[in-house]
Amino acid sequence: MILRLLNRACVLSGSVRLKSTLSTFFDEMGKSGIILKSATTGIFENLALEDWIHDHVDLQNRSMLLSWRNSPAVVIGRHQNPWQECNLPLMRRLGIPLARRRSGGGTVFHDFGNINMTFFISKKKYDRHRNLKVITSALKALRPDLEVAATDRFDILLNGHYKISGTAAKLGRTSAYHHCTLLCSVDRSVLSSVLKSNTSEVIKSNATPSVPSPVRNLLDVDPTLDSDTIMNAVASQYSNEFGFDGPVITVDPSHEALMPGIHKMAQDLQMWEWIYGRTPKFSVCSSLVVDDVTVKLDMDIKNGAVEQCAMEIPEDWLPSEMVNEFTSALNGSKYCPNEAAVLVAAFTRTVSVTADVAEKIHRLCAGVVSVM
Amino acid sequence: MAMCAALRCVSANFSAALPLLTRPAHIWTCQNSLRPNVLRTLYTSSRLSGALKFTDKHEWVRVEGNVGTVGISNFAQEALGDVVYCGLPEVGTKLEQMEEFGALESVKAASELYSPLTGEVTEINTNLTDNPGLVNKACYEDGWLIKMTIEKPAELDELMDEAAYEKFIKSLDS
């Protein structure tokens, strides 16, 4: 491994000694605390980096802080329902990906104006308040007049009212990670529009819900508080709190040789079965208006797939055999607009229908897809 | 668990009802003389029969015939806090010993669950869907998580019996 020391930072480059991984590198460093920064801004690569460190690095006598930022993405908690938490059609139009993380908690929007911080430690020493204190102390060291404080829910509030940070955590076999966001200069108009579901009223689910809060950016209260300044301050404070000294190490999660298996972890996080398929069972009960006709739609979705689909449609608008064919086509399919559209198109080709009926089925499909 | 809860309830009622008087001496004596580990022993000997075996990750398994019922121990549910969601596997899922099979979510930490044995999931506790708090309230009874087949009975010998588990958690406290 070649280390290049740049000021206080050092960058691990791609050329690696055989059998040497990031894990052995940390062991060789022999430090009780390490600060990392991710070189990538891809949400899946960064979530995979967290999981890789959690699974492979010995954290029994060591603590680590990883800071990372992403290009725009929405991240839901492990047991959440994306249809309930965010506006999926809007996200598709804006090209904003959805990710499901392995920790619990609620839904957040990330962009370059948000800093994510992950505190890795042994399960024994897991202490979220201690971690949040690192952040609030760092901010106060930068700007003594700043009113920031952590709550019982492990949020950080600005001026006692605006949420600037939310927390989630995962407890594994022997170690744990606690990660949180920090709003520096996030695009708040995008945040509020993507985090508002277009279909939550029609969904009945026991998935863990988010707790919406009014938010603010640190940059709004002090234009000199940019992400780099803040990340450096937090790194300093972390070193003080956890009692060690060392450079901030930049890690690139795309280096498979350095972190064997990380590429697959990132791939797994992008699979439909993980992102959508892990949604707890829910039901959709909606009244759609198609061609001035009211259609009652009832669906049960399990593992992201339509387990059961029923529709009430006036017989004179569409004959019941057609309706039955339509619902059968959807049964067992992914609860996904593309999949539904493809299936319905396929079924209209296999049954002989008049052009008029075909048009109606097409519009009905558009209505159904609007809740996906 | 029942005795613990009863003592807590009694002391709570007293402190609410008699804020200005000193607490009755006999209640204090009870609390002081019964140390936590003694309470745990009283609890475990009073609950259901059916030998429990424990993993060092605080899961338990109770064997009845060919089926193992799996849950988390009192130590684990206390450490977890109020469970708000149980993420359990599908019936039919094949599990290896120590394989992650789901997660319990509580106060925003998702805690992974590890299979104590190799086998296939035959049943999951559907009561936990609407009532995840059962894991806290009755972790050895109604708060069970999954039932599974026991493909390798020898694995049971590797697990701790109750006495060994009690010793194990005492060693963690120190």
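- Heavy atoms of B/A103 lying under 4.5 Å from chain A belong to its backbone as well as its side chain.
- We find that A/K281 and A/E307 are joined by a salt bridge, their nearest charged nitrogen and carboxylate oxygen being less than 4.0 Å apart.
- When the candidates B/H58, B/M98, B/E90, B/E100 are compared by the number of heavy-atom contacts under 4.5 Å with chain A, B/E90 comes out ahead.
- Salt-bridge check for B/E112 with A/R78: passed, with a basic side-chain N closer than 4.0 Å to an acidic carboxylate O.
- Salt bridge status for B/K152 with B/E158: absent, with no side-chain N to carboxylate O gap under 4.0 Å.
- Between B/Y85 and A/N206, the closest heavy-atom pair is CD1-O, 3.6 Å.
- At a 4.5 Å heavy-atom cutoff, A/K123 makes no contact with chain B through either its backbone or its side chain.
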